[in-house]
Q: 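Got a structure here, written out as structure tokens. Questions coming.
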Amino acid sequence: MRNRFGLLGAAMLGLGVASASAQEVARVGVILPMTGPFASTGKQVVAGMRLYLAQHGDVVAGRRIELLLKDDGGVPDVTKRLAQELVINDHVVALGGFGLTPLALAASSVATQAKVPEIVMAAATSSITEASPYISRTSQALPQTVAPFTDWCIANGIRSVVTIVTDYGPGYDAEKWFKEPFEKQGGKVVAALRVPVANPDFAPFLQRAADAKPDAIFIFVPAGVGAVVMKQFAERGLDKAGVRLIGTGDVVDDDLLNNMGDVTLGMITSQHYSAAHDSDLNRRFVADFGKANEGMRPNFMGVSGYDGMALIARAIARTGGDTDGTKLIEAMKGQSWESPRGPVLIDPATREIVQNDYIRRTERRDGQLWNIEFATIPMVRDPAKAGK
Ligand code: VNL
């Protein structure tokens, strides 16, 4: 008996040592709102990250990637504390997630001081990547989505617009990057309305906008909020009254779109990802994402989590398994690959994602609602950083 245990013990010890040296763990700290009003974003991003590892394997250059998921509930002070704990106690090699702009900004000083890459996979205010030289992004910068859309509006006879945005960073970006290029091309923003972040009631804003009788109402709200907008738009009878609503894809995000109903039919939006994107890679992404998540459809947050994980894995591969934070962020610069959204590139100068913008129309196909891409503006750089 003794002998057998002795042998077994030695064998286990031997195995343990061998696997530890062959595959050292590289932990990635993932901080997301998994509870509260933005939980849909947290759920999407982490599902995307996990799917990437499931499809590609979790060992890269001899490092086994392990995700440590933390819920910040959407509270910036909590995000910062969790980032500190993950860096100091868990020795994470990178931080990922960041569901909202204030949350991404809250962690930026931790990334800078600890020299640990912070990969933003949801938040979209342009200035975020300028908050730390250790920040890169796989979601979007709002101006990337909005500025090209104004060209489409002008080309399609829209001349007067009321903008409605959520009253914080990405909303200000959307408002500004609609107004400036639109007016430069002869359009006019006749009113710019801002709706509170917490418990928003869109009805009075939609009514005010409609009363101004613009050619269209342009709207930005963060992911997870669009269903309320569309419900209140329909309740006021504004769709039946012929009021034209256009916006960023955040309003008709794929996670919620199918339950929004016919009010969305024909809506034109601009964004970098639709689950209906026509590529083999995307069809496989959507199918595998659904299989792993009880039929959930990926939205632009899901694909950003997937690509955020891709970026971290590609950087570890490029350094040959060296997880020094400064080497990792360097190794992220200039990376390019095919994403389920289309081609993407990490701009080496700004660490910002460069990607296609698509103009889409919401349509019913086979009984389901989809955002069908019908025009592509290729490889858009964040115009807010041009010439900086
Ligand atoms: C932000 C921007 C958040 C766009 C979003 O969804 C979004 C942000 C939560 O920067 O806070 O769709």
Side-chain angles (χ1 to χ4, degrees), residues 31-48 71-76 78-79 96-108 118-131 135-146 149 163-178 194-200 202 218-230 247-257 260 269-275 298-305 308 341 352-353 355 357 360 371 382 384:
I31 311 176
L32 286 164
M34 301 303 297
T35 52
F38 298 102
S40 73
T41 291
K43 179 186 68 178
Q44 283 274 342
V45 171
V46 73
D71 175 15
D72 63 14
V75 180
V78 179
T79 314
F98 308 100
L100 297 154
T101 289
L103 312 177
L105 292 176
S108 62
E118 172 182 336
I119 311 308
V120 176
M121 305 179 189
T125 301
S126 171
S127 63
I128 288 173
T129 47
E130 293 162 339
I135 293 183
S136 183
R137 170 151 56 192
T138 58
S139 46
Q140 56 164 332
L142 247 301
Q144 241 175 355
T145 307
V146 175
F149 192 32
T163 58
I164 301 179
V165 303
T166 300
D167 194 357
Y168 77 125
Y172 308 151
D173 271 1
E175 186 185 273
K176 173 177 164 160
W177 288 92
F178 192 89
R194 296 176 176 182
V195 184
V197 180
N199 308 312
F202 294 97
F218 167 86
I219 186 157
F220 162 80
V221 295
V225 180
V228 182
V229 173
M230 298 314 297
T248 66
D250 309 65
V251 184
V252 283
D253 89 64
D254 273 296
D255 197 19
L256 306 175
L257 177 62
M260 291 186 195
T269 52
S270 169
Q271 214 190 26
H272 54 283
Y273 180 68
S274 164
N299 70 1
F300 62 107
M301 299 300 190
V303 81
S304 296
R341 71 184 95 178
E352 183 69 89
I353 192 162
Q355 58 191 337
D357 182 59
R360 317 94 52 86
N371 298 311
D382 176 7

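Whatever order the structure lists ligands and atoms in, that order sets their numbers, starting from 1. The analysis underlying the following values was restricted to heavy atoms, covering all of them including side chains, and did not include hydrogens, waters or symmetry mates. As the structure is a computational prediction, the values presented were derived from the model and not from experiment.
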Q: Which residue supplies the protein heavy atom nearest to atom 2 (C) of ligand 1, what is that atom called, and how far is it?
A: Ala124 CB, 3.7 Å
Q: Between Asn299 and Gln44 (side chain of the first, backbone of the second, donor and acceptor by atom type, cut-off under 3.5 Å), is there such a pair?
A: no
Q: Side chain, backbone, both or neither: which part of Phe220 comes within less than 4.0 Å of ligand 1 when only heavy atoms are counted?
A: side chain
Q: For the CD atom of Glu118 and the OG1 atom of Thr129, what is their distance to the nearest 0.5 Å?
A: 10.5 Å
Q: Measure the CG-CD1 distance between Asp173 and Ile128 for me, rounded to the nearest 0.5 Å.
A: 9.0 Å
Q: Which protein non-hydrogen atom lies closest to atom 11 (O) of ligand 1, naming both residue and atom, and how far is it?
A: Tyr168 OH, 2.6 Å
Q: Just let me know how Thr41 lines up against ligand 1, side chain, backbone, both or neither, with a heavy-atom cut-off below 4.0 Å.
A: side chain
Q: Can you sort out which atoms of ligand 1 are near Gly99, meaning under 4.0 Å from one of its heavy atoms?
A: 3 (C), 9 (C)
Q: Measuring from Phe98:CZ to Ser139:OG, what's the distance to the nearest 0.5 Å?
A: 11.5 Å
Q: Who's the nearest protein heavy-atom neighbour of atom 6 (O) of ligand 1, and how far?
A: Ala223 N, 3.0 Å
Q: Enter the distance from Leu142:CG to Phe220:CZ here, rounded to the nearest 0.5 Å.
A: 5.0 Å
Q: For ligand 1, which atoms, with element, lie under 4.0 Å from some heavy atom of Met301?
A: 5 (C), 6 (O), 7 (C), 9 (C), 12 (O)
Q: Identify the protein heavy atom lying closest to atom 10 (O) of ligand 1, giving its residue, its atom name and the separation to 0.1 Å.
A: Thr101 OG1, 2.5 Å
Q: Assess whether side-chain hydrogen bond (donor to acceptor under 3.5 Å, both in side chains) is satisfied between Gln144 and Gln355, documenting all intermediate values.
A: CA-CA 9 Å; Gln144 241 175 355; Gln355 58 191 337; 3.2 Å; yes
Q: As an exercise, identify every atom of ligand 1 less than 4.0 angstrom from a heavy atom of Phe300.
A: 12 (O)
Q: Within a distance under 4.0 Å of any heavy atom of Ala123, pick out the atoms of ligand 1 and give their elements.
A: 8 (C), 10 (O)
Q: Going by the atom numbers of ligand 1, which of them fall below 4.0 Å from some non-hydrogen atom of Asp250?
A: 4 (C), 7 (C), 12 (O)
Q: Could you check Val45, Asp72, Thr79, Val75 and say which one makes a side chain to side chain contact (heavy atoms under 4.5 Å, CB included) with Pro33?
A: Asp72
Q: Need the ligand 1 atom indices (1-based, order shown) with element for anything under 4.0 Å from a heavy-atom of Pro222.
A: 3 (C), 5 (C), 6 (O), 7 (C), 9 (C), 12 (O)
Q: Working to the nearest 0.5 angstrom, can you tell me the gap between Phe300 CZ and Thr145 OG1?
A: 9.0 Å
Q: Tell me whether the rings of Phe149 and Phe218 are parallel (<30°), tilted (30 to 60°) or perpendicular (>60°).
A: tilted
Q: For ligand 1, which atoms, with element, lie under 4.0 Å from some heavy atom of Thr125?
A: 10 (O)
